[in-house]
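The chains referred to below are lettered A, B, ... by the order of the sequence lines, with proteins before strands, and numbering in each begins at 1.
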Amino acid sequence: MPVETLASPQTPILEVSGICRRVGDAVLLDDCAFTLPRGQTAVLLGPSGAGKSTLLRCINLLAPADSGRILFDGRDIMAPGVDAPGVRRDIGMVFQNFELFDHMTVLENIMLAPMRVRGLSRNQARDLAMAMLEKVHLPHRADALPSGLSGGQQQRAAIARALAMQPRLMLYDEPTSALDPEMTGEVLTVMSDLAAEGMASVVVTHEMGFARRVADQIVFMQAGQVVEETPGADFFAGRCSVRARRFLERVMD
Amino acid sequence: MIRNAILAAISILPLWHGAARAMPTLATPGALTSATAATFTPFEFVRDGQVTGFDIDLAAAMAARLHLRPVTVNMQFDGLIPALQGGRVDFINSAMYISPERARAVDFVPYLQVANVVMVSAARPGGITGNDLSLCGRQVAVTLGGIEDDNARDASARCRAAGRPALDVLSFPTGQDTAMNLRAGRVDAAFDSVYGAVTLMHDMPGVYAVAGRPFGTDAWIGFAVRRGDTAMRDMLAGALHAVQADGTFDALVRRWDLPPAEQVDTAAQGQVRRGGLWRGLAACWGYFASWLFFEAALMTLLVTILSLAAGCVIGLGAALMQSSRLRVAQVVVALYLWLFRGTPVLLQIVFVYNVLPGFGLRLSALLSAVLALSLNEGAYMAEIIRAGLRAIRPGQRTAGLALGLTPVGVMRHIVAPQAFRVIVPMLGNQAIGMLKTSALVSVIAVEDLLLVANQAASASFRYLEALSAAGLYYLALTTLFMLGQAVLERRLDPAVRATGGTLLARLGRMVGSTGDAR
Ligand SMILES: Nc1ncnc2c1ncn2[C@@H]1O[C@H](COP(=O)(O)OP(=O)(O)OP(=O)(O)O)[C@@H](O)[C@H]1O
Ligand SMILES: [Mg+2]
């Protein structure tokens with residue numbers, strides 16, 4: 001395992017502080033901070049345009065933050081000289097539009113990174129990929145093309161693809177927003193199971209039921225700022241800021 | 001013709017050659033290199049794949065005198081003067097008529113007096129009796145820029161002086177074109193050299209007849225050297241003098257049957273050869289199955305494939321540079337695209353072959369052809385590849401990066417394979433286009449299908465058969481490319497191919513397996 005894992009069990013898996021990001025005159029993120037202890041799930045809530053996606057992308061270095069600090073498993077990943085691909089392979093990401101690779105079968109999608117990044121042999125990668133497909137209840141669709149799957153199946157395959165890299169943290173950006181209501185359940189179940197197994201996750205979602213069930217903590221964002229960071233139970237019991245409560249009332253209707 | 005205009009423009013491009021010295025600079029040290037358009041029997045023509053004829057033998061005899069190795073570069077007539085100006089050859093040895101227009105571009109060493117005749121159709125002489133007033137108001141064919149042009153001007157002047165309408169002159173690029181138009185009845189008469197006429201009447205008995213007697217015995221043909229290159233001119237003149245003095249010249253005149261104009265039997269008629277569909281097909285097959293045509297087809301294929309491959313690499317580089325954030329790279333690529341898409345590819349070919357040597361870059365004809373064609377192709381490929389890359393959703397790239405792949409890995413495993421699938425149909429178009437564009441390289445002496453077919457045709461006057469044989473090869477090659485495209489498209493279709501493997505491994509696998517569980 002990598003040298004940087006000098007983290008003790010008490011070290012949070014993720015510690016974000018003072019993150020700012022500007023593009024031109026627009027301030028996308030303004031001094032964002034939150035902490036995610038190991039094995040926990042944080043749900044990022046906030047109105048559209050609040051900067052939730054941008055913050056997620058900063059965490060796995062897909063978008064550059066202008067300032068601030070991100071400690072991933074105790075390691076400062078914004079320090080100069082950090083190998084971005086090396087950081088990303090330990091952080092899984094799931095997208096609203098699945099983004100399975102259209103020219104590959106489901107199995108190939110999952111095998112690609114283990115083979116090309118981790119250097120697994122084809123057989124090792126295939127065994128691993130099949131195991132991941134079992135986890136998301138899709139082994140029978142291994143040889144199908146993404147275009148032949150339902151939306152829910154595609155998102156589960158995308159989760160399996162991310163899991164195959166054996167990440168220490170999962171980022172989900174509105175994983176069920178593009179799905180028909182009858183398919184969100186199967187995806188959320190997979191995510192809940194993973195959370196229950198102790199996979200640390202940051203989830204951007206508008207599914208309040210899911211948030212209430214799995215969120216160890218809620219990070220509420222508005223206009224590029226983290227307005228508050230509250231334990232999930234408190235948040236849904238109404239022990240939160242006025243702005244958050246107003247948002248909550250709006251989305252619960 | 002645009003083509004001629006381009007070539008003319010190229011040929012007057014200023015070129016700097018050292019001031020005349022006692023010893024001329026040779027295009028290739030140790031060799032006497034001449035350019036010829038081997039479409040003028042019996043002076044220069046192709047027989048059994050070899051360039052031969054009076055001029056070729058004469059140059060060889062002169063080279064022997066100079067202790068040099070004779071080298072003949074065979075090309076289209078249009079390419080001769082540019083090749084000379086570009087320093088590709090030492091002189092032009094192509095029975096070139098010495099006309100005032102040409103004498104402005106090159107210097108001549110005259111070596112043979114050639115009389116002209118008025119040629120008519122044997123079946124339909126149309127009342128034309130010779131180089132006289134019977135030509136007035138008639139349609140008469142001449143070779144562009146040849147002495148025939150002057151003949152026609154003189155005849156028109158005579159007609160006007162006599163109060164009659166001038167000649168309706170039609171100019172054609174070669175003597176063969178002139179003859180074909182006369183045969184097809186598109187003109188009433190044609191001016192031709194007496195030797196050209198004799199050859200025509202011998203090769204195609206019963207088709208042509210000479211009206212009246214030969215005239216204009218003051219016309220000369222000569223070797224052309226670069227203007228002001230007195231060292232070369234003097235060296236050639238000296239060698240010519242030597243072979244005339246020792247009787248070699250006269251021996252060659254007899255050997256190639258070039259008697260003085262007064263003795264030419266313009267009434268000679270051979271046996272009428274039967275055409276017939278069957279014989280035509282046999283001749284066409286003969287060309288098609290000949291080693292000469294096969295080699296030419298290979299040359300065409302080689303030029304096409306090399307240019308395509310290099311064009312793809314150049315296009316990929318340009319496309320990547322253009323989508324990079326480097327301003328300089330973007331400007332360089334924009335300039336490149338502007339230049340190569342904004343000028344005719346023929347000009348680019350002639351430029352690389354004939355102008356670059358002036359700047360010290362001297363490439364072989366094949367390399368010049370491939371360089372010009374691939375630079376041209378690259379400009380179009382850049383746009384195609386860019387469109388292909390842009391067709392891939394940005395999210396696919398992001399997803400690859402998020403998995404820990406490097407940007408290069410993302411390009412190689414995710415973006416490129418998908419973009420490739422998008423551009424294969426356009427690639428097929430480009431390949432087939434290139435196959436046909438490659439015919440332009442015949443102008444710089446690459447022995448491709450068109451050049452070989454043209455020369456075979458002019459040596460035997462079997463235009464239909466020779467050009468049909470070349471056409472068959474082009475069709476065969478095009479079919480091959482289309483099949484290749486279909487196979488490629490099928491193999492790249494994820495619904496068709498089996499699971500696993502890199503792009504190359506997949507290409508290597510057989511078609512027909514299915515990886516789709518639906
Ligand atoms: N690269 C960029 N350049 C400029 N503006 C950007 C860029 N990326 C995002 N934005 C803007 O920043 C703001 C925050 O975007 P972001 O996608 O992070 O919001 P979000 O909270 O995820 O919203 P949603 O719920 O709609 O997904 C938006 O107004 C968006 O238009
Ligand atoms: Mg978003």
Please flag which part of A/L61 lies under 4.5 Å from any non-hydrogen atom of chain B: side chain, backbone, both or neither. neither
Between A/F101 and chain B, with a heavy-atom cut-off of 4.5 Å, which part of the residue counts as in contact: side chain, backbone, both or neither? both
Check this for me, if you would: do B/E489 and B/R421 make a salt bridge, where the nitrogen-to-carboxylate-oxygen distance has to be below 4.0 angstrom? no
For A/L171, is it the side chain, the backbone, both or neither that has a heavy atom under 4.5 Å from a heavy atom of chain B? neither
Under 4.5 Å heavy-atom distance to chain B, tell me which part of A/R57 shows up: side chain, backbone, both or neither. side chain
Within the 4.5 Å heavy-atom criterion, are A/L149 and A/P146 side-chain neighbours or not? no
For chain A, the option from B/I392, B/T406, B/T398 that forms the most heavy-atom pairs under 4.5 Å: B/T398
Exceeds 12 heavy-atom contacts within 6.0 angstrom, atom CZ of B/R397: no
Can we call the ring centroids of B/F288 and B/F293 under 6.0 Å apart? no
So, B/S324 side chain and B/L326 main chain: donor-acceptor pair closer than 3.5 Å or not? yes
